[in-house]
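In what follows, every chain begins at residue 1, and chains take the letters A, B, ... in the order their sequences are listed.
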Number of protein chains: 2
Amino acid sequence: MSLELTAVQTVACCSPLAREPLSLPEAEGIAPLLKALADPVRLRLMSLVASHEGGEACVCDLNDAFELSQPTISHHLKILHGAGLLDREKRGVWVYYRARTEALQNLATLIGGQAT
Amino acid sequence: MSLELTAVQTVACCSPLAREPLSLPEAEGIAPLLKALADPVRLRLMSLVASHEGGEACVCDLNDAFELSQPTISHHLKILHGAGLLDREKRGVWVYYRARTEALQNLATLIGGQAT
DNA sequence: CGTATATATTTACATTCATCTATGTCATAG
DNA sequence: CTATGACATAGATGAATGTAAATATATACG
């Protein structure tokens with residue numbers, strides 16, 4: 001097991017933006033998470049998965065929601081998964097993605113948390 | 001006055017990610033806001049301004065917190081201001097930036113809001 | 001086995017981005 | 001009016017990123 005913190009672990013460690021200045025390592029840990037979200041396709045993927053019944057969706061469902069090639073969707077899913085925003089589970093032929101809601105909540109607290 | 005919505009206005013209009021799928025126009029409106037935040041320097045700038053006494057800081061304060069050239073800081077501030085995350089006010093020789101907390105709160109609600 | 005389907009990876013290319021240096025603008029001081 | 005300090009803009013460059021096309025892997029089924 002790695003000693004490195006994942007982006008998701010990093011974001012859980014910090015006070016809200018408005019409370020105290022972020023250190024450089026903190027900022028460098030959090031930016032990749034926001035970067036992963038900062039794309040229209042990936043935002044829609046996240047909301048599709050998070051709002052899908054059961055909190056999960058298979059790639060086959062997701063592909064149909066876009067006019068993009070399957071490899072492109074797969075690429076975006078990999079980025080979201082790599083950032084720790086989506087969990088992956090293979091069941092038979094299909095792969096299901098599930099939103100990591102605690103990661104989203106931590107991020108929301110960081111961005112919008114009160115100063116005091 | 002333009003009929004276009006700013007990114008900040010756009011983000012205030014949407015349900016949380018986990019409640020219902022984002023439309024393409026919504027996602028395209030929100031992504032630029034996240035993109036503006038998705039950089040270590042800009043994250044630190046936002047937190048420096050937001051947590052600074054009085055909720056504002058002048059560029060002279062901000063420059064000193066980084067080992068980057070003044071034009072580079074100015075560039076990042078322009079991006080944050082363009083996204084609607086920072087307000088700008090010139091007073092005499094100095095320029096003060098102020099965090100738009102309601103924009104941050106709306107963004108936080110969008111990302112972390114409960115499904116129901 | 002062999003074929004079909006679902007998903008991932010690789011490669012290639014065009015675009016975007018962060019940063020720098022140099023220069024411009026504006027306000028104030030002398 | 002000229003000099004100085006604070007900040008912005010312009011232009012250039014190298015790195016990172018998005019997308020598509022082709023290919024690979026893995027499972028199911030006959």
Atom-to-atom span, CZ of R44(B) to P of dA18(C) - whole angstrom: 16 Å

Determine whether L45(B) and Y96(B) fall in the same hydrophobic cluster, where Ile, Leu, Val, Met, Phe, Trp and Tyr are linked whenever their side-chain heavy atoms lie under 4.5 Å apart. no

Separation of atom CG in L80(A) from atom C1' in dT17(D), rounded to whole Å: 14 Å

Nearest whole Å is fine: how far is dT11(C) P from K78(A) NZ? 12 Å

To the nearest Å, give me how far apart CG (L37(B)) and P (dA18(C)) are. 12 Å

Hey, is the main chain of E28(B) close enough, under 3.5 Å, to the side chain of R44(A) for a donor-acceptor pair? no

Does dC7(D) have OP1 or OP2 sitting under 4.0 Å from an N or O in the side chain of Y96(B)? no

State yes or no: do L43(A) and V59(A) share one hydrophobic cluster built from I, L, V, M, F, W and Y residues joined by side-chain heavy-atom distances below 4.5 Å, directly or via other members? yes

H81(B) NE2 to dT9(D) C1', straight-line distance once rounded to whole Å: 16 Å

From CG of N63(A) over to P of dA8(C), roughly how many Å is that when rounded to an integer? 9 Å

Should L62(B) and I79(B) be counted in the same cluster of Ile, Leu, Val, Met, Phe, Trp and Tyr side chains packed under 4.5 Å apart? no

R88(B) atom CZ is separated from dA8(D) atom P, nearest whole Å, by 5 Å

Co-membership, hydrophobic cluster, residues L17(B) and L24(B), 4.5 Å side-chain: no

Is there a side-chain contact between K35(A) and the phosphate of dT17(D), meaning an N or O under 4.0 Å from OP1 or OP2? yes

Give a yes or no on whether the backbone of E20(A) and the side-chain of S15(A) come within a donor-acceptor separation of less than 3.5 Å. no

If the sugar-phosphate is the primed atoms plus P, OP1 and OP2 and the base is the rest, what is the B/S/- string for nucleotides 19-30 of chain D, using protein heavy atoms under 4.0 Å? BBBB---S-S--

Select base, sugar-phosphate, or nothing to describe what Y97(B) touches, counting heavy atoms under 4.0 Å on all strands. sugar-phosphate

Contact check, side chains of I111(B) and L34(B), non-hydrogen atoms, under 4.5 Å: yes

Rounded distance in Å - CD1 (I73(B)) to P (dA6(D)): 16 Å

